[in-house]
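Note sheet for the following structure.
Both backbone and side-chain heavy atoms feed into the values below; hydrogens, waters and symmetry mates do not.
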Protein chains: 2
Amino acid sequence: MNTVSQIEDFERFKKRAALSMEEICREIYRENRDRIRIKKENVAVKNLVKIFNATLALSARKGFQAMSLRELCNESGLSMGALYAYFIGKDMLLDIILMQGRRIVKKVLEEAIALEKTSWGKLTCALRTHIYLSELLQEWFFFSFMEAKNLSRDRQKAAIASELFTEKIFLDLLEEGNKNREYAVVNPVLTASIIKAMLQDWYLKRWKYRKRNVSVEQYADFVIETIRCIIAVVKKKNRNL
Amino acid sequence: MNTVSQIEDFERFKKRAALSMEEICREIYRENRDRIRIKKENVAVKNLVKIFNATLALSARKGFQAMSLRELCNESGLSMGALYAYFIGKDMLLDIILMQGRRIVKKVLEEAIALEKTSWGKLTCALRTHIYLSELLQEWFFFSFMEAKNLSRDRQKAAIASELFTEKIFLDLLEEGNKNREYAVVNPVLTASIIKAMLQDWYLKRWKYRKRNVSVEQYADFVIETIRCIIAVVKKKNRNL
DNA sequence: GTCTATACATAGATAGAC
DNA sequence: GTCTATCTATGTATAGAC
């Protein structure tokens, strides 16, 4: 199992990913041109950056629902009237943030895995990429998790689909590796579940790891090593799980 | 490592714990007698059950902040005026729910561990007890996690202290077992963190496990087996984590 | 103890001046 | 494109009848 190709530090990942807030907002603008009243792209992008940063910051503190649009005005520096030129309602703002995030996760993960040959290589790559990405977009990941339950039925379905999508990536890799005999996972479904749990802990408890000076590389290393233990060792133990 | 004493199924735990909503509300009433206007204990307890059930249900769907007191009236069957005889404001309602939950977790965990002799026994017991308890009080655990960020500074500190308290229990048990040479955990701090992450997954994603027919006993077994792999095996591998 | 009716503040959203 | 002023709905909270 050669994993050397995977070991990339966070800074390199950051440069390679090129996911600045401006890039993201430009993409959002182009995707939603019909619903946004502003016509000059550069003006729109500049203000969208302000709006999304302010929204993520306020929501992290008190939740999206509890954030009033007046607070959003103060934090973003725009007026009420201006805000409504960028979205037709609070719902649309929520919607855009969630959708764009999902698009990014899907794209980045799939591209990363495609470069790998072995199942173990793909698995470690997926783990590390997910953790680095959630570090880069920590506020969005946190937001996305916390607001998922407050959605309308349609959007809730989309959120659940997204949760299951990433989990499925890990499940598939576990089963693929089982077939290859690269490793032997006794219970791939539950293993994929706790993999997700470990990945989520990084962005849900960011404050904790910051306080303890745990770097993102350390956390990724630890998770990968933990998974290695589980998928390499369980096969020798009882099989009735 | 004899773990036989720990293997208790959920139904037995449930009976032993005797944590009916009524019991909990009675305790809440007694703790807050000075702040609750109702003087007849039985009347108060009966309505507190309605209020808390309604609050947990509505909050699970849309969040505590987004839940209006009018909705709470409908769901609980009480009127606005009546509600305000039980708490002096929405904040107090939030406060009571969080505090009472913490008290229960602390008490149940500590009592369970006290019965065990070995570190591994205590550890598996703590894991199983936590998972069973979070199954029994799933709505409260979910609520508590989701609302933690929406609190005033003081309450936020209390929430963080509570999060770290349970984590500390696991950390202490890991280090105790290291000293005893019952096992060897390379990185107890990070190990305790991901233990918490796995425990939280059970009540944060209850819908997922329900859909897949994973029982609470199965999940507890899986988590314990996973931890066994990590703490028994890591010691043979690289130590630079 | 519980209800209905109501006060008062703040929310989201829009109109129209600039 | 952006601002200020304002509309209407809804929120929390209270008063007073029963």
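- Looking at heavy atoms from C-beta onward, A:F222 lies out of side-chain contact with A:I227 at the 4.5 angstrom threshold.
- A straight line from CG of A:N74 to C1' of C:dT10 spans 14 Å, rounded to a whole angstrom.
- Using a 4.0 Å heavy-atom cutoff across all strands shown, A:F87 reaches no nucleic acid atom at all.
- Between the CE atom of B:M92 and the C1' atom of D:dA13 there is a distance of 15 Å, rounded to whole Å.
- At whole-Å resolution of the value, CG in A:L78 and P in C:dG12 are 16 Å apart.
- B:F10 has its ring centre less than 6.0 Å from the ring centre of B:Y132.
- Of the listed residues (B:E11, B:E111, B:E8), just one forms a salt bridge (Lys or Arg N to Asp or Glu O under 4.0 Å) with B:R16, and that residue is B:E8.
- To the nearest angstrom, P of D:dT12 lies 13 Å from CG of B:L94.
- Look at NZ on B:K90: it is 9 Å from P on D:dG11, rounded to the nearest Å.
- One finds no side-chain N or O of A:Y84 lying less than 4.0 angstrom from the OP1 or OP2 phosphate oxygen of C:dT14.
- Taking a 6.0 Å sphere around CZ of B:R12, one finds it holds 12 or fewer heavy atoms contributed by other residues, nucleotides or ligands.
- DNA chain C lies under 4.0 Å from at least one heavy atom of each of the following residues of residues 37-72 of chain A: A:M67, A:S68, A:L69, A:R70.
- Counting only N and O atoms by type, the side chains of B:S193 and A:K205 include no donor and acceptor under 3.5 Å apart.
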I'd like a table of donor-acceptor pairs (distance under 3.5 Å, sequence neighbours excluded) in which one partner is a side-chain atom from residues 87-102 of chain A, with atom names and distances.
unit_1 : atom_1 : unit_2 : atom_2 : d
A:K90  : NZ     : A:F64  : O      : 3.1
A:K90  : NZ     : A:Q65  : O      : 3.1
A:K90  : NZ     : A:M67  : O      : 2.8
A:D95  : OD1    : A:R155 : NH1    : 2.7
A:D95  : OD2    : A:R155 : NH1    : 2.9
A:Q100 : OE1    : A:R103 : NE     : 3.1
A:Q100 : OE1    : A:R103 : NH2    : 2.5

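- Going from atom CE of A:M80 over to atom C1' of D:dT2 covers 14 Å, rounded to whole Å.
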